[in-house]
Amino acid sequence: MDRARQQHSLLLLPICLALAFSLTAVVSSHWCEGTRRVVKPLCRDQPGGQHCIHFRQDNSSDGRTANDSQAVLYIWELGDDKFIQRGFHVGLWQSCEESLNGEDEKCRSFRSVVPTEEQGVLWLSIGGEVLDIFLILASTILLGSRVSCRSLGFDWLRVDALVAIFMVLAGLLGMVAHMMYTTIFQITVNLGPEDWKPQTWDYGWSFCLAWGSFALCLAVSVTAMSRFTAARLEFTEQQWAQNGSQPSQHSFPEPKASESIWKTGAAPRLAGHAFRNVSGHLPPGATGKVSIC
């Protein structure tokens with residue numbers, strides 16, 4: 001019992017790790033990361049700044065600066081110098097982008113940039129992720145009760161089977177939800193608003209955590225199912241051994257005559273009586289021949 005308890009305690013560790021990975025991935029906003037190409041603003045408020053367009057304003061003939069509507073701006077940046085790369089990261093719930101000074105971020109809902117006809121798939125992806133977490137949590141509770149409780153009358157093999165089923169369902173649901181989110185993000189990159197479209201992007205650490213949780217779920221389900229099968233076979237063999245040691249209630253004693261016949265190989269006295277009875281019933285003039293098969 002101590003060895004089995006230790007094995008289930010070791011199995012509880014990857015389940016808790018998968019639960020932590022899934023929770024962190026769902027609440028974070030680093031599923032995809034990349035950069036956006038944004039036009040630099042004019043250096044009005046921060047003269048001499050590095051992340052704005054430098055310009056020179058033409059003065060009037062009398063030396064005074066003309067008003068903004070009549071002023072001529074001379075911009076020195078040309079081509080790619082007029083743009084700046086700003087980092088962004090996206091999750092299930094929101095999309096965040098760096099500010100010009102790089103100190104804070106500006107976030108908005110990811111659902112607001114997803115095309116309207118694809119928002120239903122986004123909600124299905126979120127629902128799959130949430131259901132994945134609930135299944136892993138249920139497996140954690142079941143296996144924790146398996147480790148902490150010592151009741152011998154309860155059928156703990158069913159608990160092991162439920163843990164294996166819940167974990168494989170959690171893994172499959174997580175896989176489908178991850179793939180749906182990837183599809184939604186790629187569609188949004190192509191069909192989303194122009195002020196959000198990224199120039200370069202890649203998967204972030206939240207996406208890696210989500211797939212790590214998927215791998216842990218499948219590994220735990222395979223391990224739990226193999227241990228359930230081994231325990232079930234051992235229990236069946238023990239029952240067969242107990243039933244085989246008890247005498248059978250339907251056994252009948254065999255007749256001793258058959259044993260003696262098999263030992264001697266013939267029954268001469270019965271055969272002699274048969275010959276006498278046959279010869280006694282023959283007619284007077286018939287020959288006494290008898291064939292025996």
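Everything quoted here is computed from the prediction, not taken from an experiment. As a basis for the values below, the full set of heavy atoms in this structure was taken, side chains included, without hydrogen atoms, waters or symmetry mates.
Ile141 and Val168 fall within a single hydrophobic cluster, where Ile, Leu, Val, Met, Phe, Trp and Tyr are joined by side-chain heavy atoms under 4.5 Å apart, directly or via other members. Linking Ile, Leu, Val, Met, Phe, Trp and Tyr residues whenever their side-chain heavy atoms come within less than 4.5 Å places Val26 and Met180 in a single cluster. Under the 4.5 Å side-chain heavy-atom criterion for Ile, Leu, Val, Met, Phe, Trp and Tyr, Leu216 and Met225 are members of distinct hydrophobic clusters.
Taking the six-membered ring for Trp and the full ring otherwise, the centers of Trp211 and Phe21 sit at least 6.0 Å from each other. Checked against the 6.0 Å centroid threshold, Tyr203 and Trp205 do not count as a close aromatic pair.
Judged as a ring pair (Phe, Tyr, Trp, His ring centres under 6.0 Å), and not counting sequence neighbours, the contacts of Tyr181 are Trp31, Phe110.
Using a distance-only test at 3.5 Å, with no hydrogens or angles considered, a donor-acceptor pair links the side chain of Ser226 to the main chain of Val222. Remark: the backbone N or O of Ala18 is paired with a side-chain donor or acceptor of Ser213 at under 3.5 angstrom. Formation of a donor-acceptor pair under 3.5 Å by the Glu118 side chain with backbone atoms of Thr188 is not found in this model.
Defined by atom type and a distance below 3.5 Å, a donor-acceptor pair is missing between the side-chain atoms of Ser109 and Trp93. No side-chain N or O of His89 forms a donor-acceptor pair with one of Glu97 less than 3.5 Å apart.
Annotation: the span from Leu11 atom CG to Asp160 atom CG amounts to 8.5 Å, rounded to 0.5 Å.
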